[in-house]
Amino acid sequence: MTTDQTLEPTEAATAAASGASATERFAADKSPFEAVKDTSPERVDRLAKRVLNAVYDTIREEKVSYDEYNALKAWLIQVGKDGEWPLFLDVWVEHEIEKVATEHREGNKGTIEGPYYVPNAPEQGANGTIPMRDGEAGTPLTWTGKITSTDGTPLDGAKVELWHADADGFYSQFAPGIPEWNLRGTFTVGADGAFEIHTIQPAPYQIPTDGSCGKLIAAAGWHAWRPAHLHVKVSAPGHELLTAQLYFPGDEHNDDDIASAVKPELVLAPVTNDDGSVSVDYGFVLDPVRG
Ligand code: MBD
Ligand code: FE
């Protein structure tokens, strides 16, 4: 008998693998229920009935058949088995939740979080390089910016948490064979609110097509693409958390993102340097917490 550990062969990056990790992470967090524990029965009744009524209207108006109903039932069961509820909801529902949640803001409005955020990425300071592999593929990107409050005051101690896909469109911790914190980092600014982040440009991203969400996409004749994007969470004491994504001009999917998460003010204006690297300036304005 040996205590040597055998290395698992690298599994392919499948929908099942990334969906299962997204579901596991979300299900481990008990705070979603805690946060709504004081919701009144009247509110639950109202929301449940409105959603059901929208379903009834669709059934009546479209004369939905038993075959279609049974296919829906089978598909919904499969979404759960594939672990694709986080993916489904974040791609087709979250954008409206985010709009409503941030419509009062005077600073940056942001966009959806998506299924692949992981808290507590390694700290890199105000001027640093995101964790990446030796020879990480992709165009080097230098991103400078400043974090201020709505009155223009720089926010000492504000943080940018940045995560994004690699040049093949894979996220660390949700696809196999990638170092744990690859292309995930936290950048904390000083009194001037300024940061300088070094990373690589991510690739356009296709949501997994081999699971239930892919099945819906294929059956409906849609495409699975999101434009290339950088995910951020920007936070500062006494200010509302900003969750956003930044996009690159000219990406063919900026106008037809499967997740409907592109906003014109989130498209960067990068410049290409003589050595082929890219530089961009983009800062954030955070709203003070009200009340
Ligand atoms: C992603 O990378 C993403 O950002 C969203 C919103 C959905 C699926 C994958
Ligand atoms: Fe993403």
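The shown structure was predicted, so the numbers you read here are calculated from the model rather than taken from an experiment. Atoms considered below: every heavy atom in the structure, side chains included; atoms not considered: hydrogens, waters and symmetry mates. Numbering of residues begins at 1 and proceeds along the displayed sequence. Counting starts at 1 for both ligands and their atoms, following the listed order.
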- Query: Ignoring water, what protein N, O or S atoms are under 2.8 Å from the Fe ion (ligand 2)?
  - Reply: Y171 OH, H229 NE2, H231 NE2

Per-pair distances, 0.1 Å, donor-acceptor, side chain in residues 42-53, under 3.5 Å, sequence neighbours excluded:
from	atom 1	to	atom 2	distance (Å)
D45	OD1	K49	NZ	3.0
N53	ND2	K49	O	3.1

- Message: Side-chain heavy atoms nearer than 4.5 Å, only ILVMFWY residues, links allowed to pass through others: does that put L162 and L266 together?
- Response: yes

Kindly list each side-chain donor-acceptor pair under 3.5 angstrom involving residues 128-135, sequence neighbours excluded, with atom names and distances?
from	atom 1	to	atom 2	distance (Å)
R133	NE	E136	OE1	2.9
R133	NH2	E136	OE2	2.8
R133	NH2	D166	OD2	3.1

- What's the shortest heavy-atom distance between E103 and K109, and which atoms? O-NZ, 3.8 Å

- Message: Measuring centre to centre across the rings, with the benzene-like ring taken for any Trp, is Y117 within less than 6.0 Å of W163?
- Response: yes

- E98/K263 ion pair, N-O < 4.0 Å: yes

- Task: Decide whether D82 and S212 meet the rule of one side-chain donor and one side-chain acceptor closer than 3.5 Å.
- Result: yes

- Message: Could you go through F187 and F195, starting from their C-alpha distance and side-chain angles, then the distance that decides it, and tell me whether this counts as ring pair (Phe, Tyr, Trp, His ring centres under 6.0 Å)?
- Response: CA-CA 7 Å; F187 302 83; F195 60 83; 7.8 Å; no

- Protein residues having a heavy atom less than 4.0 Å from any atom of ligand 1: L87, V91, I112, G114, P115, Y116, Y171, Y205, I207, R226, H229, H231

- Item | Audit row: Y171, Y205, ring pair (Phe, Tyr, Trp, His ring centres under 6.0 Å) steps and yes/no | CA-CA 10 Å; Y171 284 86; Y205 176 88; 5.5 Å; yes

